Amino acid sequence: MIDQNTFNLIIYSWIALAFITFFILLKVTAPYGRHTKSNWGPMIGNKTGWFIMELPALVVPFIFFFTGRITPGTVPWIFILLFGLHYFNRVIIFPFRLRTGKKKMPLIIAGMAVFFNFVNGFIIGYFLGNFSGYYDITWLHDPRFIIGIIFFITGLSINWSADNTLIRLRKNSKNGYQIPYGGLFEYISCPNLFGEILEWTGFAILMWNLPGLSFALWTLANLLPRAIDHHKWYKDYFDNYPVERKAVIPFLV
Ligand code: NDP
């Protein structure tokens, strides 16, 4: 059993690692998807890689949620179900819809993502299963919950819709890439990553605690550099790429 102080110390250390990771990812492009490389050691199939690397985020939080020392109330149940909703799609649906053919990703990338998802899943699940006893039902009327859930649902919808658009594009492009148009794609190159950032920012607001903040910061640390890399890639790959588009935050970044 980890006490609250030790648990918080683990999270502060984990947040420090997120900052370091952010600066590394600004320099080193993570080699999967369009940036995949074959000189990073053994490779694994892209779809298998996605399934394996995201699986801990679906399983680990629920294990700690159910094996914690408290019986979680309604509000923690809502939190874990929101988390589970996102990762049910990411693990059980998303990988099997990808049209990435025989594409592969480095095994080490999948391994690092397993670690990342394991620790994040542990933090969320352990908190909810052990330290979430202070939430009562009135939290559902709190402005932080209401604003957070609006952000979360909006972000989730944007993420799912943009992922769908990109997967559909692949249907017509015979394994190649096309310039996406429509909706937020008119303003930014990566609405799917923008949606995911908005979603987990909302999750941090609706939980209003250190585990939620930690997860939102890790999402930002991973996805901001990835969106910048995607945007640069689009501009290099397509001569006619719309110049007014930003990478991930409309009109800003
Ligand atoms: P991408 O936008 O790069 O790709 C999504 C899918 O669409 C891939 O199958 C890709 O193929 C295909 N695709 C992308 N752009 C085009 C295009 N212009 N034309 C045709 N096909 C295209 O997404 P990411 O791989 O960066 O991320 C996928 C999802 O995972 C996102 O929802 C993201 O938010 C989430 N994610 C979350 C992270 C986190 O830390 N929480 C970390 C990383 C991702 P291909 O693979 O061949 O490029």
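Heavy-atom basis, side chains included; hydrogens, waters and symmetry copies ignored. Since this is a predicted model, take the numbers as computed values, not measurements. Numbering of ligands and ligand atoms starts at 1, following listing order.
- Proximity of His230 to ligand 1, defined as any heavy-atom pair under 4.0 Å, is confined to the side chain (atoms from C-beta onward).
- Ring-centre distance between Trp200 and Phe83: below the 6.0 Å cut-off.
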Requested in this report: Could you walk me through whether Phe65 and Trp77 pass the ring pair (Phe, Tyr, Trp, His ring centres under 6.0 Å) test, one step at a time?
Outcome: CA-CA 9 Å; Phe65 182 79; Trp77 261 104; 5.0 Å; yes

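- For a threshold of 3.5 Å applied to N or O pairs, the pair formed by Tyr177 and ligand 1 contains at least one separation below that value.
- Cation-pi geometry between Arg245 and Tyr181 is satisfied (NZ or CZ under 6.0 Å from the ring centre, within 45° of the ring normal).
- Remark: ligand 1 and Thr100 share no N or O pair separated by less than 3.5 Å (distance only, no angle test).
- Looking at Asn159 against ligand 1, only its side chain comes within 4.0 Å, counting heavy atoms.
- Of all the atoms in ligand 1, the ones that sit under 4.0 Å from a non-hydrogen atom of Arg90 are 29 (C), 30 (O), 31 (C), 32 (O), 33 (C), 34 (O), 35 (C).
- No N or O atom of Trp218 sits closer than 3.5 Å to an N or O atom of ligand 1.
- Within ligand 1, counting atoms from 1 as listed, the ones closer than 4.0 Å to a heavy atom of Arg170 are 11 (O), 20 (C), 21 (N), 22 (C), 45 (P), 47 (O).
- Shown here is Tyr187, whose OH atom has no more than 12 heavy atoms of other residues, nucleotides or ligands within 6.0 Å.
- The closest donor-acceptor contact from the side chain of Arg69 to the backbone of Asn130 lies under 3.5 Å.
- Environment of CZ in Phe22: crowded, with over 12 heavy atoms of neighbouring residues, nucleotides or ligands closer than 6.0 Å.
- Few gaps surround CZ on Phe66; more than 12 heavy atoms of other groups in view lie less than 6.0 Å from it.
- Backbone and side-chain nitrogen or oxygen atoms of Lys103 are examined, and one is located within less than 3.5 angstrom of a nitrogen or oxygen of ligand 1.
- Here's the thing with Tyr87: none of its N/O atoms is less than 3.5 angstrom from an N/O atom of ligand 1.
- Checked by distance only, ligand 1 and Arg99 stay at 3.5 Å or farther apart across all their nitrogen or oxygen atoms.
- Ligand 1 has no N or O atom lying under 3.5 Å from any N or O atom of Thr219, backbone or side chain.
- Residue-ligand proximity, Phe94 to ligand 1, at heavy-atom distances under 4.0 Å covers atoms 28 (C), 29 (C).
- Residue Leu166 touches ligand 1 through backbone and side chain together, judged by heavy-atom distances below 4.0 Å.
- Annotation: cation-pi pair Arg90/Phe51 absent, no NZ/CZ under 6.0 Å from the ring centroid and within 45° of its normal.
- The Tyr32 neighbourhood of ligand 1 comprises atoms 42 (C), 43 (C), with distances under 4.0 Å to a heavy atom of that residue.
- With a heavy-atom cut-off of 4.0 Å, Trp200 does not touch ligand 1 at all.
- Per-residue contacts place Gly176 under 4.0 angstrom from the following atoms of ligand 1 (heavy atoms of the residue considered): 20 (C).
- In this structure, the side chains of Ile228 and Val248 stay at 4.5 Å or more apart for every pair of heavy atoms.
- Near Arg34, meaning under 4.0 Å from any of its heavy atoms, are these atoms of ligand 1: 1 (P), 2 (O), 3 (O), 14 (C), 15 (N), 48 (O).
- In the vicinity of Asn222, heavy-atom distances shorter than 4.0 Å reach the ligand 1 atoms 40 (O).
- Only the side chain of Trp50 comes within 4.0 Å of ligand 1, counting heavy atoms alone; its backbone N, CA, C and O stay farther away.
- Between the side chain of Arg99 and the backbone N or O of Arg170, no donor-acceptor pair lies under 3.5 Å.
- For Ile108, the CD1 atom counts as loosely surrounded, since its 6.0 Å shell holds 12 or fewer non-hydrogen atoms of other residues, nucleotides or ligands.
- Ring centroids of Trp218 and Phe215 are separated by 6.0 Å or more, keeping the two rings apart.
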